[in-house]
Amino acid sequence: MNLLVKNVTIADPQSSFNKQECDVRIVDGKIQSIGKISPGKDETLFDAQGAFLTPGFFDLNCVAGDPGFETKEDIQTLTQTARAAGFTGLALLPQTSPVVQSKSQVEYIINKAKNNLVDVYPVGAISQNREAKELAELFDMQQAGAVAFSDGDKALQDDGFMSRALQYAKGLQALLMVYPENKSIAGKSQINESKNSVLFGMKGLPALAEEMHIARDIFLASYNDTKIHISNISTAGSVALIRKAKKDGVQISCDVTAHHLVFTEELLSDFDSNYKVKPPLRGKSDVKALIAGLKDGTIDAITSQHRPEEIEFKNVEFEIAHYGIIALQTVLPLLIKAGLDAGLIAEKLSINPRKLLNLTIPVVEEGAVANFTIFNTSDKWLYNAASNFSKSANNPLLGTELTGKVILVYNNNQYQEN
C-alpha cells in the first residue's frame, strides 16, 4: 500500500530527521524516502500540514474483556479504539475470565488479534488466578509469546512470594510489571487520603500504601539483582523513591497513566464515578511531581490504563462503583493538556514502552518498516457516542470537546485516517 505524507514534522528522537518538516513516502509497508518529494502515480496523497509524525504509540497497560467479559470490550473493539487513538501496539493485561495464565490462553489472544493494524501482545499472569499463592506457567507463556508478566491491578502482598517471582523471572530474563499497594494500609479506601476525603466523607487511601510497597519492591529487586517495573505510580513520594533507586543502580522502571497527569482529587466533589480510578486521583503537588519525573527520566513510560466497564457497574453510588475509565482515545488530548511536547510524547508513548518489553522499536528513517502515528496538537474534536469506538462509555470526558487529534496511523502495511 503506497502512501505519500506531505508537510509533516518528524518527532522521533532516534531519527536523523527529528524536528524537521518533511514528506514521507511509504511503499509496500516500508519508508522509501524522506525529504521534499513530488507525488507519483498510484499512491495516496495525505497532506499533514501542521501535524507531527512519531513512531506508533504503544500502550503498556491495557485491558479487554476477552475472554470472559466480552460485553465490556472484545479484541475487535479494543483494536478499533486503539487505531482511533493512535496506538499501533498494545500490551494486554491478563485480568480476564479465565485469567491468561497458560500457553493456550496466550495463543488464544495472539490468534484472535492477528492480521490487525494494531499489534497485540499478551501479558501473562504472575500467579495462578492472580492469587499470589502459586506461580503461573511463566516459561510456557513466554515461549508462546507473552512479553511480560503481571497480576494486573492486584498487588503481590506476600514478600516471600514476590522475591521468588523475581528470582524465577530473572532466569527467564522476563519483566514483572507490578501494581504498588500495601493492602493492609489501603483497606477499603475509595479516594486519596487528604482533607478532601474527610470533606467528602469517604475513606482515604494514603500515599503511604503505594510508597511502602514500592520501597519493598526496590529492596527485593536490589537483593535479587534483577529488574522490576512499577505500574501506574501516582504520588510525589513514589517519584522520589524511584529516582533515588535509579541513582543507586537498582534495575527499576515505572509508568504513569495519562489521566494522573491532569485529573486531581478535586474533581470528585460531584461524586462522578467515572473519575473513580485505581490508584486514586491525587493532589496538584503529585501531578506536578509526576510531570517532573517524566521530564527528568525517572518515569519511563505513559500508559492509558484502559479499563472498560458496563454501565451498571458505573452508574451507581460512588462507593460501590467499579474502578476505571476507558482511556485510549483521551491519552493524546490529556498529554497535550499536561503540556508535553511531541518529542516527549514519542519517547514515553512510543519508544520506551517497546524498549522495556524488548520489542522492535519503530524508527522514522529511510528503509525502515513503516509504523507511525500522525497527530495534530491543535485540532479540536468532539468526544461523544459517535466518536467513541469502545463498547463501554465510562469516561468523564465523553460529551466534551478535546484538543489534540490523531489523524492517521500506519502499521503492518495498513493505514487508517481518522
To the nearest 0.5 Å, what is the distance between [atom1] ([X]) and [atom2] ([Y])?
{"X": "D255", "Y": "H260", "atom1": "CG", "atom2": "NE2", "value": "11.0 Å"}
{"X": "T79", "Y": "E73", "atom1": "OG1", "atom2": "CD", "value": "9.0 Å"}
{"X": "N376", "Y": "L408", "atom1": "CG", "atom2": "CG", "value": "12.5 Å"}
{"X": "L382", "Y": "E401", "atom1": "CG", "atom2": "CD", "value": "7.0 Å"}
{"X": "L261", "Y": "L294", "atom1": "CG", "atom2": "CG", "value": "5.5 Å"}
{"X": "S253", "Y": "L60", "atom1": "OG", "atom2": "CG", "value": "8.5 Å"}

> Is the Y275 ring parallel, tilted or perpendicular to the F263 ring (thresholds 30°, 60°)?
Replying inline: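 Ring orientation, 0 to 90° scale: perpendicular.
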>> Is the ring pair F58/Y121 parallel, tilted or perpendicular, if the boundaries are 30 and 60 degrees?
In response: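 Geometry flag for Y121 against F58: tilted rings.
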Check: [X]/[Y] side-chain N/O donor and acceptor closer than 3.5 Å:
{"X": "T303", "Y": "Q305", "value": "no"}
{"X": "S238", "Y": "T235", "value": "yes"}
{"X": "N224", "Y": "T226", "value": "no"}
{"X": "N274", "Y": "N395", "value": "no"}
{"X": "N182", "Y": "S184", "value": "yes"}
{"X": "T257", "Y": "N232", "value": "no"}
{"X": "S102", "Y": "S104", "value": "yes"}
{"X": "K314", "Y": "S273", "value": "no"}
{"X": "D140", "Y": "Q142", "value": "no"}
{"X": "S15", "Y": "N18", "value": "no"}
{"X": "N116", "Y": "N412", "value": "no"}
{"X": "E210", "Y": "S234", "value": "yes"}
{"X": "Q20", "Y": "T9", "value": "no"}
{"X": "D12", "Y": "T54", "value": "no"}

Mind listing the closest non-hydrogen atom pair of [X] and [Y] along with its distance?
{"X": "I326", "Y": "S392", "result": "CD1-O, 3.2 Å"}
{"X": "I302", "Y": "A258", "result": "CG2-N, 4.0 Å"}
{"X": "Q101", "Y": "N129", "result": "OE1-N, 2.5 Å"}

>> Before you tell me yes or no, could you show the steps for Q173 and N358 under side chain to side chain donor-acceptor pair (under 3.5 Å), namely the whole-Å CA-CA distance, both residues' side-chain angles and the distance that decides it to 0.1 Å?
In response: CA-CA 10 Å; Q173 296 185 322; N358 289 320; over 6 Å; no
Considering residues, nucleotides and ligands other than [X], do more than 12 of their heavy atoms fall under 6.0 Å from its [atom1]?
{"X": "Y223", "atom1": "OH", "result": "no"}
{"X": "Q49", "atom1": "CD", "result": "yes"}
{"X": "F139", "atom1": "CZ", "result": "no"}
{"X": "E134", "atom1": "CD", "result": "no"}
{"X": "E317", "atom1": "CD", "result": "no"}
{"X": "I311", "atom1": "CD1", "result": "no"}
{"X": "K227", "atom1": "NZ", "result": "yes"}

Donor-acceptor pair, [X] side chain versus [Y] backbone, under 3.5 Å?
{"X": "D270", "Y": "D272", "value": "no"}
{"X": "E366", "Y": "I34", "value": "yes"}
{"X": "S197", "Y": "I191", "value": "no"}
{"X": "N411", "Y": "L117", "value": "yes"}
{"X": "R130", "Y": "D151", "value": "yes"}
{"X": "W381", "Y": "G404", "value": "yes"}
{"X": "H306", "Y": "A327", "value": "yes"}
{"X": "D286", "Y": "A236", "value": "yes"}
{"X": "N7", "Y": "A48", "value": "no"}
{"X": "N352", "Y": "K355", "value": "no"}

Between [X] and [Y], is any pair of side-chain heavy atoms under 4.5 Å apart?
{"X": "V409", "Y": "Y415", "answer": "no"}
{"X": "F149", "Y": "M177", "answer": "no"}
{"X": "V100", "Y": "T96", "answer": "yes"}
{"X": "Q329", "Y": "F389", "answer": "yes"}
{"X": "P98", "Y": "Q105", "answer": "yes"}
{"X": "F372", "Y": "P362", "answer": "no"}
{"X": "M162", "Y": "D217", "answer": "yes"}
{"X": "N196", "Y": "E266", "answer": "yes"}

> F318 ring centre to K276 NZ or CZ under 6.0 Å, with the angle to the axis within 45°?
Replying inline: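 Yes - K276 lies over the ring of F318, closer than 6.0 Å to its centre and within 45° of its axis.
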> Do you know which of Q190, R282, E193 makes side-chain contact (heavy atoms from CB on, under 4.5 Å) with L205?
Replying inline: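 The passing option is R282.
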>> Exactly one of K72, E309, E310 should register a side-chain contact (heavy atoms from CB on, under 4.5 Å) with N394. Which one does?
In response: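 So the option named by the test is E309.
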> Can N192 and L281 be said to form a side chain to side chain contact (heavy atoms under 4.5 Å, CB included), step by step?
Replying inline: CA-CA 6 Å; N192 182 46; L281 301 179; over 6 Å; no
>> Show every salt bridge (charged side-chain N to carboxylate O under 4.0 Å, His left out) that has at least one partner inside residues 239-254, sequence neighbours left out.
In response: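 Of all non-adjacent pairs touching residues 239-254, those that pass salt bridge (charged side-chain N to carboxylate O under 4.0 Å, His left out) are R243-D296, K244-D248, K246-D300.
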> Does the ring centre of F57 sit less than 6.0 Å away from the ring centre of F375?
Replying inline: yes
For the pair [X] and [Y], find out whether any cationic side-chain nitrogen is under 4.0 Å from an anionic carboxylate oxygen.
{"X": "E137", "Y": "K103", "answer": "no"}
{"X": "R164", "Y": "D159", "answer": "no"}
{"X": "E347", "Y": "K295", "answer": "no"}

> Could you walk me through whether S390 and L328 pass the side chain to side chain contact (heavy atoms under 4.5 Å, CB included) check?
Replying inline: CA-CA 9 Å; S390 175; L328 284 165; over 6 Å; no
